[in-house]
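Positions are given from 1 along the sequence.
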Amino acid sequence: MNHSHTQEEAQRHAKPLSPKIKELIARTQSIILATVDAEGTPNSSYAPFVQVENTFYIIVSFMAKHTKNLSEGRKTSIMFIEDESSTKQIYARERLTIEAGVSQIDRDSDRWNLVIGQLKETHGKVVEVISEMKDFILIALTPVKGTYVNGFGSAYSVDENLQVVQHRNETNHQSK
């Protein structure tokens, strides 16, 4: 019997793995950002983050394209993804992709001070320096909905609270 055929059969009948969304987020220090500009041109980037309650916060500079896109309130998507060096299968990296609402936090507000303090604690003294620079702004990314994948046949829809609402298996991973 062909080994690859056996592997395909196993993947087709794979049982979903238990979602571990909180653990993935806890192992991640930065998020991948997908934004669009006024002309609809996509831009991908990344930023270190902290999570406060159910919102993700990033401090970003207007020198970056993504900051302008975010500051103008355009749709965005963020991704948390397993490190390549620790994955067992490059095609099945654990990942969480979220559609997120975007809002800017007023400088020197209570929320600004709380989040900047947590960013300093998590990412070090550099945050103290950049938070004083006027071209840096604090952005809140609030989950709307998303998808969590942690293996072949193991994809889930998640809600705004990052809770699994459905196992996604609409294609059944059929081979030719």
Enquirer: Does any part of the side chain of Leu33, heavy atoms only, come nearer than 4.5 Å to the side chain of Leu141, both counted from C-beta?
Expert: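 Side-chain contact under 4.5 Å: yes.
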
Enquirer: State whether the side chain of Glu53 and the backbone N or O of Thr55 hold a donor-acceptor pair below 3.5 Å, judged by distance alone.
Expert: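 Answer holds: no.
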
Enquirer: Are Tyr46 and Ile78 connected in the hydrophobic side-chain network, where two residues link if heavy atoms are under 4.5 Å apart?
Expert: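 No, no single cluster joins them.
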
Enquirer: For Glu39, does its backbone N or O pair with a side-chain atom of Asp37 as donor and acceptor, under 3.5 Å?
Expert: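 Looks like yes, one N/O pair under 3.5 Å.
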
Enquirer: For Ser131 versus Ile59, what's the shortest heavy-atom pair and its separation?
Expert: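 For Ser131 and Ile59, the tightest heavy-atom pair comes out as CA-CD1, 3.6 Å.
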
Enquirer: Looking at Gly151, is its backbone amide N or carbonyl O close enough to the side chain of Ser154 to form a donor-acceptor pair, meaning the two atoms are under 3.5 Å apart?
Expert: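 Flag not set: sc Ser154 to bb Gly151 has no pair under 3.5 Å.
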
Enquirer: If every non-hydrogen atom of Ala140 is compared with every non-hydrogen atom of Ile105, which pair is closest and at what distance?
Expert: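 Taking every non-hydrogen atom into account, CB-CD1, 3.9 Å.
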
Enquirer: Distance-only criterion, 3.5 Å: show the donor-acceptor pairs between side-chain atoms of residues 112-125 and protein atoms not counting sequence neighbours.
Expert:
{"unit_1": "Asn113", "atom_1": "ND2", "unit_2": "Ser109", "atom_2": "O", "d": "3.2"}
{"unit_1": "Thr122", "atom_1": "OG1", "unit_2": "Gln118", "atom_2": "O", "d": "2.9"}
{"unit_1": "His123", "atom_1": "NE2", "unit_2": "Phe49", "atom_2": "O", "d": "2.8"}

Enquirer: Which residues pass the side-chain contact (heavy atoms from CB on, under 4.5 Å) test with Ser44, not counting sequence neighbours?
Expert: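 So Ser44 forms no side-chain contact (heavy atoms from CB on, under 4.5 Å) with any residue.
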
Enquirer: What about Ile31 and Leu24, same hydrophobic cluster or not, with Ile/Leu/Val/Met/Phe/Trp/Tyr joined at side-chain heavy-atom distances under 4.5 Å?
Expert: yes

Enquirer: Can you establish whether the number of heavy atoms outside Glu72 located under 6.0 Å from its atom CD is more than 12?
Expert: yes

Enquirer: Answer yes or no: is there a side-chain heavy-atom contact under 4.5 Å between Ile98 and Leu162?
Expert: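 In contact.
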
Enquirer: Within the structure provided, determine whether Thr67 and Asn69 are in side-chain contact (heavy-atom separation under 4.5 Å).
Expert: no

Enquirer: Do Val129 and Val60 share a hydrophobic cluster, counting only Ile, Leu, Val, Met, Phe, Trp and Tyr and linking them when any side-chain heavy atoms are less than 4.5 Å apart?
Expert: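 Val129 does not cluster with Val60.
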
Enquirer: Indicate, with yes or no, if Val149 and Leu96 share a hydrophobic cluster defined by side-chain heavy-atom contacts under 4.5 Å among Ile, Leu, Val, Met, Phe, Trp and Tyr.
Expert: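 No; Val149 is not reachable from Leu96 via cluster members.
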
Enquirer: Taking all atoms of both residues into account, what is the closest heavy-atom pair of Ile58 and Pro48, and its distance?
Expert: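 Minimum heavy-atom separation between Ile58 and Pro48: CG2-O, 3.3 Å.
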
Enquirer: Got a sec: does the CG of Asp110 have more than 12 other heavy atoms crowding it under 6.0 Å?
Expert: no

Enquirer: Please write out which residues are connected to Met79 in a hydrophobic cluster, directly or through intermediates, given that two of Ile, Leu, Val, Met, Phe, Trp, Tyr count as joined at side-chain heavy-atom separations below 4.5 angstrom.
Expert: Ile32, Ile81

Enquirer: For residues Ser61 and Met133, determine if any side-chain heavy atom of one lies less than 4.5 Å from a side-chain heavy atom of the other.
Expert: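 When only atoms from C-beta onward are counted, Met133 and Ser61 do not touch, as no gap falls below 4.5 Å.
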
Enquirer: I want to check something: taking the side chain as every heavy atom from C-beta on, are Phe62 and Phe136 in contact at a cut-off of under 4.5 Å?
Expert: no

Enquirer: Using a strict 4.0 Å threshold on nitrogen-to-oxygen distance, state whether Arg27 and Glu94 make a salt bridge.
Expert: yes

Enquirer: Ile21 versus Val164: any side-chain heavy-atom pair under 4.5 Å?
Expert: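 Heavy-atom side-chain distance check passes, below 4.5 Å.
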
Enquirer: Could you tell me if the side chain of Tyr57 sits less than 4.5 Å from the side chain of Ile139, heavy atoms only?
Expert: no

Enquirer: Once side-chain hydrogen bond (donor to acceptor under 3.5 Å, both in side chains) is applied, what residue pairs with a partner in residues 75-87 remain, sequence neighbours excluded?
Expert: Glu82-Thr87, Asp83-Ser85, Glu84-Arg93

Enquirer: On a heavy-atom basis, which atom in Ser71 and which in Gln104 lie closest, and how many Å separate them?
Expert: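 Shortest heavy-atom contact: CB-OE1, 4.2 Å.
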
Enquirer: Taking the six-membered ring for Trp, are Phe56 and Phe80 closer than 6.0 Å centroid to centroid?
Expert: yes

Enquirer: Mind checking what makes salt bridge (Lys or Arg N to Asp or Glu O under 4.0 Å) contact with Arg107, not counting sequence neighbours?
Expert: none

Enquirer: Quick one: closest heavy-atom pair of Val144 and Gly101, and the distance?
Expert: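 That closest heavy-atom pairing would be CG2-N, 3.7 Å.
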
Enquirer: How about Thr35 and Pro42: do any of their side-chain heavy atoms sit closer than 4.5 Å?
Expert: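 No, side chains not in contact.
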
Enquirer: Can you check whether Val36's main-chain N or O pairs, donor with acceptor, with His66's side chain at less than 3.5 Å?
Expert: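 No, because the side chain of His66 does not come within donor-acceptor range (under 3.5 Å) of the backbone of Val36.
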
Enquirer: Hey, does the side chain of Tyr148 reach the backbone of Lys20 with a donor-acceptor pair shorter than 3.5 angstrom?
Expert: yes

Enquirer: Quick check: closest heavy atoms across Val158 and Thr147, and the distance to 0.1 Å?
Expert: CG2-N, 3.9 Å

Enquirer: Strictly by salt bridge (Lys or Arg N to Asp or Glu O under 4.0 Å), give each pair with a member in residues 137-160 just once, sequence neighbours left out.
Expert: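 Every candidate salt bridge (Lys or Arg N to Asp or Glu O under 4.0 Å) pair involving residues 137-160 fails, so no pair, neighbours aside, qualifies.
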
